[in-house]
Number of protein chains: 2
Amino acid sequence: MDYQSYVPMLKAMADPNRLKIIDLLSCGTLCACDILTHFEFSQPTLSHHMKVLQQAGIVTAQKVGKWQHYTLKPAFVIAFLQDTKQLLANDADCICHDGSCDNCQDQATRKDVITK
Amino acid sequence: MDYQSYVPMLKAMADPNRLKIIDLLSCGTLCACDILTHFEFSQPTLSHHMKVLQQAGIVTAQKVGKWQHYTLKPAFVIAFLQDTKQLLANDADCICHDGSCDNCQDQATRKDVITK
DNA sequence: CTAACAGATAGACATTTATCTATATGTCTA
DNA sequence: TAGACATATAGATAAATGTCTATCTGTTAG
């Protein structure tokens, strides 16, 4: 599979504060000051986290007057779920390349879990 | 949502080499020496990465003679996909707690993406 | 029993990262 | 135009992390 975009997404998500930000934004667009009310850290720290999320392609920013509006990118939601399913699926994309390795067993079971 | 197990999983996955190990194991059980052939780093480094994956609940180890057999935990596959869907879903579990915030819009669209 | 092999542990080191304070930039309002 | 407000940037620092070499433990085979 292609790790080029998936790994940066995982890195950006692998921080409890940023994960909570994503959770907040899964609700919809929020400005920085609204997000900040949910945390104990400082405003520059939030600014840093938002930059990380943007660079990972998770969030977009739109300036409206004084406010910076942050939105979860639909493309991220789609890509992250697809990449995750592809990673954990034991299917034709198995790294053994031909699906014939001794380890390519229990495919049906794994697929059940992933597609349901 | 509950970040207690999800964040450590994300942390463990957010390294390109460990992600490749997970990809390899999504094929099925492998011993350490087999995994090592796919990488440039040293044996102690692999040992370190496998420990991280175990502590995150992603992988189980079983010693068979000299060999350590590593397997992707089915519970991880299930939990990680569920947590991911719950995080990215814009549903009743929205952090606003009552689904009534101004931002709770476009729910139908997001849900389409996640459940299909 | 000894040597070879698989893997784990210890400790060091360079890099990354999450955070802070101080300050700068940009925007609105009185 | 001045001041208040929202956000970004700069620079510092402590902690975490990925990697290495050296060494240790445990298992198998001769």
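Atom set for the values below is all heavy atoms of this structure, side chains included, hydrogens, waters and symmetry mates excluded. First the proteins, then the strands, lettered A, B, ... as listed; each starts at 1.
When all heavy atoms of Leu36(A) and Ser42(A) are compared, the pair lying nearest together is CD1-O, 4.0 Å. In this structure, Tyr70(B) and Val59(B) approach most closely via the heavy-atom pair CD2-CG1, 3.7 Å.
Side-chain atoms of Asp15(B) lie closest to dG18(D) of the nucleotides dG7(C), dG18(D), dT19(C). In the set dT9(D), dC28(C), dT28(D), dT9(D) carries the atom at the smallest distance from any side-chain atom of Lys51(A). Comparing dG7(C), dT7(D), dC20(C) by their nearest atom to the side chain of Phe41(A) picks out dC20(C). Comparing dG7(C), dA10(D), dT19(D) by their closest approach to the side chain of Pro44(A) singles out dA10(D). Between dG7(C), dC5(C), dA10(C), one nucleotide has an atom nearer to the side chain of Lys66(B) than all others, and that is dC5(C). The nucleotide whose nearest atom lies closest to any side-chain atom of His49(A) is, among dT7(D), dT19(C), dA6(C), dT19(C).
In this structure, CG of Leu46(A) is placed 19 Å from P of dC5(D), rounded to the nearest angstrom.
One N or O donor and one acceptor, one from the side chain of Gln43(B) and one from the base of dA8(C), sit under 3.5 Å apart.
Looking at heavy-atom distances under 4.0 Å, His48(B) makes contact with a base. Here Tyr70(A) lies in heavy-atom contact (under 4.0 Å) with sugar-phosphate atoms only.
OP1 and OP2 of dT19(D) both lie 4.0 Å or more from every side-chain N or O belonging to Ser42(B). Distances shown here put every side-chain N or O of Ser47(B) at or beyond 4.0 Å from the OP1 or OP2 atom of dG7(C).
The CE atom of Met9(B) sits 10.0 Å away from atom CD1 of Ile22(B), with the distance rounded to the nearest 0.5 Å.
The nearest heavy atom of DNA chain C to Ala14(A) and to Trp67(A) marks one nucleotide each, and the one closer to the 5' end goes with Ala14(A).
A distance below 6.0 Å separates the ring centres of His49(A) and Phe41(A).
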